[in-house]
Amino acid sequence: MQLKFINKDNLLKIGAAVRSAFASLGPKRAGQHRIVPPDRYPWEDSYPASLTWAAEIEPHPVTKILDDAVADFPDNPCLEFLGKRYDYKTVDDLVNRVGKGLQDLGVRKGDRIGLLLPNCPYYVVFYFAILRIGAVVVNYNPLYAKREIARQILDSNTRIMVTLNLKTLYPKIADRIQDGALEKIITCRMRDILPFSSGLLFAFMKRKEIASIPSDDAHIAYDSLIGNDGGFAAPTIDPAQDMAVLQYTGGTTGTPKGAILTHANLYANAVQTSLWATSATRGQEKFLGILPLFHVFGMTGVMNNALYCASELVLLPRFNTEDVLSAIDEHKPTVFCGVPTMFSALNGYSAIDKFDLSSLTLCISGGAPLPAKVKEKFEAITGCSLVEGYGLTEASPVCTVNPFEGVNKTGSVGLPLPGTLIEITDRKDPDKLLPLGQHGEICISGPQVMAGYLDRPEENADAFRGGRLHTGDVGYIDEDGYLFIIDRIKDLILSGGFNVYPRMVEEAIYLHPAVEEAVVCGVPNRHRGEIVKAYIKLYPGSALTKAELRAFLKDKLAPFEIPSQVEFRDSLPHTLIGKPSRKDLMAEEERRSAGYAADTKDTQEPEDTNSPKSVSA
């Protein structure tokens with residue numbers, strides 16, 4: 001797929017094409033709205049004063065992000081991990097030596113190299129080393145089971161895997177050497193990326209967690225890999241055409257697919273998100289890296305964005321409420337990207353007053369709807385604005401963000417980033433563009449949009465109907481150009497002839513002060529097709545019954561939208577970035593209903609549904 005990057009000429013072409021599409025809708029007919037071709041998009045008037053939507057973004061290799069930071073700030077801190085700090089020139093040297101070591105193993109341009117790593121310096125070093133030699137990063141979730149990893153290895157044609165020498169990781173891929181799926185495994189020691197004393201303590205105290213690694217040609221130790229002068233052979237990279245990362249989708253709508261993200265896609269999104277932070281100063285910011293870097297939000301929003309700004313990236317291997325608060329208090333980060341459950345957990349920490357959080361100046365929430373009360377409480381505690389954004393794997397991923405300067409609309413996911421065109425199409429007629437305020441499928445065009453799915457021609461044809469990326473999300477654009485998400489098309493509940501959007505029901509449930517987390521989905525019903533079911537986790541010490549919840553929702557939802565079934569739980573399953581997982585709950589529901597007919601009437605509930613549900617502190 002040929003990509004067009006956002007410069008002035010291409011913006012004019014995009015605008016002309018959109019205006020032509022608007023004009024082709026013809027004259028207004030009875031009962032219809034005439035769409036006026038825009039001479040200026042509505043979001044342009046809502047943009048921060050110092051920024052223009054038509055900002056030029058030139059295509060470059062992703063590695064330019066690190067190259068420029070090293071050239072401008074070689075002695076500035078680049079990474080901090082559990083007490084050990086690396087400056088930019090040190091990271092640059094490690095990247096070059098890993099690149100040379102990979103080439104000595106026979107890695108060539110276009111080869112796929114897997115990263116099965118948690119947040120740690122090894123991830124950053126290997127990521128940029130792989131890209132510098134023209135190879136392709138394939139991200140793997142360390143929480144995946146062996147079967148899931150094996151499937152992705154085969155689908156992606158991963159040649160070499162990089163991981164830690166830990167029992168929680170290495171055994172998941174050890175068999176792939178024996179069956180020929182992998183050629184080599186590179187193992188990295190955890191102790192070597194810790195301060196000296198901590199490394200010795202880890203080697204002694206955690207020795208039972210260290211995996212036994214075979215001594216053969218298929219297993220390469222990190223120390224051996226970097227035993228060179230760093231003189232790698234630099235390939236010629238075409239940013240617009242060469243794949244940089246093969247990023248697998250979350251599989252929320254079926255089997256995960258490999259999204260081909262080019263160098264130019266990822267570089268553009270780093271530029272777009274950095275431009276949006278108009279108050280940030282290059283070389284002076286500090287990012288808190290809690291989101292997993294193997295996830296596209298963490299990869300771009302945290303790592304690439306931090307290095308593009310020549311910032312220090314403070315990495316944490318996992319989210320722990322007290323550890324995060326301690327890290328903010330100690331390291332004084334200015335930028336924090338997270339998901340709503342993280343901000344909610346921080347809000348609810350009983351001893352939060354002990355920590356100084358005043359260093360935070362830019363906070364972004366994504367991945368799931370941000371409840372208004374979570375946003376308001378976090379802002380009150382920290383004094384920092386928390387803005388919500390929207391994106392998806394196929395768009396590298398960020399597409400819209402609420403402005404840090406100007407109107408931050410609660411419930412909205414913000415304005416299109418520079419060079420990003422958001423359109424709403426009719427769900428029944430995907431080629432028909434809808435006017436402002438009407439609900440339809442959200443479509444995206446821009447330099448961050450993927451080149452396509454790997455080896456999925458039918459899915460590509462469907463995803464790029466009309467030359468725009470169809471997201472599968474339902475939403476609308478208001479008169480000021482702000483995007484509002486209603487729900488995913490495939491999550492839509494069809495109940496008795498009515499359309500019910502789970503997200504809208506969840507937002508209403510979140511208004512109840514006792515509710516900490518909520519997920520809504522449809523369950524089969526003989527009479528209505530589907531009925532609405534809510535899974536709810538309460539705040540510690542809170543109590544709520546189904547009857548009380550339904551009464552609370554009576555003036556907030558239509559009768560057919562109010563959940564017929566309510567299941568209170570002590571905890572809800574979460575996705576890898578920490579948002580409640582509708583997919584897992586629906587799978588549970590399918591297993592639960594297997595073997596008996598779905599003939600439960602709307603009024604049938606578990607016997608204890610109306611008894612008070614409380615959670616002890």
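For the atom pair Lys172 NZ and Arg147 CZ, the distance stands at 12.5 Å (nearest 0.5 Å). Atom CD1 of Ile260 sits about 11.0 Å away from atom CZ of Arg456, to the nearest 0.5 Å. Atom CG of Leu169 is separated from atom CG of Leu164 by 5.5 Å, given to the nearest 0.5 angstrom. Interatomic distance, CG of Asn304 versus CD1 of Ile65, reported as 4.0 Å (0.5 Å rounding). Summarising the geometry, atom CD1 belonging to Ile113 is positioned 8.5 Å from atom CG belonging to Leu105; distances are rounded to the nearest 0.5 Å.
Asp242 contributes no side-chain N or O that, together with a main-chain N or O of Ile237, makes up a donor-acceptor pair within less than 3.5 Å. Using modelled atom types, no side-chain atom of Ser581 and backbone atom of Thr575 make a donor-acceptor pair closer than 3.5 Å. Listed for the Asn228 side chain is a donor-acceptor partner under 3.5 Å among the backbone atoms of Arg97. Under a 3.5 Å cut-off, the side chain of Gln103 and the backbone N or O of Ala233 do form a donor-acceptor pair. Between the side chain of Asn265 and the main chain of Ser396, no donor-acceptor pair closer than 3.5 Å is present. The main-chain N or O of Pro333 is never found under 3.5 Å from a side-chain atom of His331 such that the two would form a donor-acceptor pair. A donor-acceptor pair is defined here as one N or O able to donate and one able to accept, closer than 3.5 Å; no such pair exists between the side chain of Ser385 and the backbone of Phe404. Between the side chain of Gln272 and the backbone N or O of Gly419, no donor-acceptor pair lies under 3.5 Å. With hydrogens and angles disregarded, no donor-acceptor distance shorter than 3.5 Å links the side chain of Lys579 to the backbone of His574. Between the side chain of Asn119 and the main chain of Leu291, a donor-acceptor pair closer than 3.5 Å is present.
Using a 4.0 Å cut-off between charged side-chain N and carboxylate O, Asp229 and Lys100 make no salt bridge. One finds a salt bridge joining Asp192 and Arg189 here, because a Lys/Arg side-chain nitrogen approaches an Asp/Glu carboxylate oxygen to under 4.0 Å. With salt bridges taken as basic N to acidic carboxylate O contacts below 4.0 Å, none links Lys89 and Asp93. With salt bridges taken as basic N to acidic carboxylate O contacts below 4.0 Å, none links Asp323 and Arg318. By the 4.0 Å N-to-carboxylate-O rule, Lys286 lies close enough to Glu312 to be salt-bridged with it. Between Lys184 and Asp217 there is no salt bridge, since none of the side-chain N atoms of the basic residue sits less than 4.0 Å from a carboxylate O of the acidic one.
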Practice prompt. Tell me, with the steps shown, if Ile177 and Glu183 meet side-chain contact (heavy atoms from CB on, under 4.5 Å).
Written response: CA-CA 6 Å; Ile177 290 290; Glu183 296 176 16; 6.0 Å; no
Fill in: side-chain contact (heavy atoms from CB on, under 4.5 Å) between Leu370 and Val339, worked out
CA-CA 8 Å; Leu370 176 64; Val339 295; over 6 Å; no
Practice prompt. Verify side chain to side chain donor-acceptor pair (under 3.5 Å) between Thr249 and Glu394, making sure each step is shown before the conclusion.
Written response: CA-CA 8 Å; Thr249 61; Glu394 292 87 342; 5.3 Å; no
Worksheet entry | Derivation and outcome, side-chain contact (heavy atoms from CB on, under 4.5 Å), residues Ile130 and Val136 | CA-CA 6 Å; Ile130 291 165; Val136 177; 5.6 Å; no
Discussion item. Pair Ser326, Asp329 - check side chain to side chain donor-acceptor pair (under 3.5 Å), show working.
Written reply: CA-CA 5 Å; Ser326 296; Asp329 183 84; over 6 Å; no
Worksheet entry | Chi angles and distances behind the side-chain contact (heavy atoms from CB on, under 4.5 Å) call for Thr300, Asn305 | CA-CA 6 Å; Thr300 293; Asn305 201 359; 5.8 Å; no
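Side-chain atoms of Asp155 and Tyr248 include a donor-acceptor pair closer than 3.5 Å. When only modelled atom types and interatomic distance are considered, Glu388 and Asn402 share no side-chain donor-acceptor pair under 3.5 Å. Checking Glu285 against Thr334 by side-chain atom types alone, a donor-acceptor pair falls below 3.5 Å. Looking at Thr158 and Gln152, their side chains never bring a donor and an acceptor atom within 3.5 Å of each other.
Ring pair Tyr140/Phe294: centre-to-centre distance not below 6.0 Å. Between Phe378 and Phe343, the ring center distance clears the sub-6.0 Å criterion. Between Tyr170 and His219, a ring centre-to-centre spacing shorter than 6.0 Å is recorded.
A pairwise comparison of heavy atoms in Pro418 and Trp276 identifies CD-CE3, 4.0 Å as the closest pair. Contact record, Val413 with Thr400: O-OG1, 2.9 Å, taken as the closest heavy-atom pair. Taking all atoms of both residues into account, the shortest heavy-atom contact from Pro235 to Arg132 is CD-O, 3.2 Å. The two residues Ala135 and Val107 have their closest heavy-atom pair at CB-CG1, 3.9 Å. Considering all non-hydrogen atoms of both residues, Ile577 and Gly367 come closest at CD1-CA, 4.1 Å. When every heavy atom of Ala277 is checked against every heavy atom of Leu362, the shortest pair comes out as CB-CD1, 3.8 Å.
The aromatic rings of Tyr127 and Tyr123 sit parallel to each other, their planes meeting at less than 30°, with 60° as the upper class boundary.
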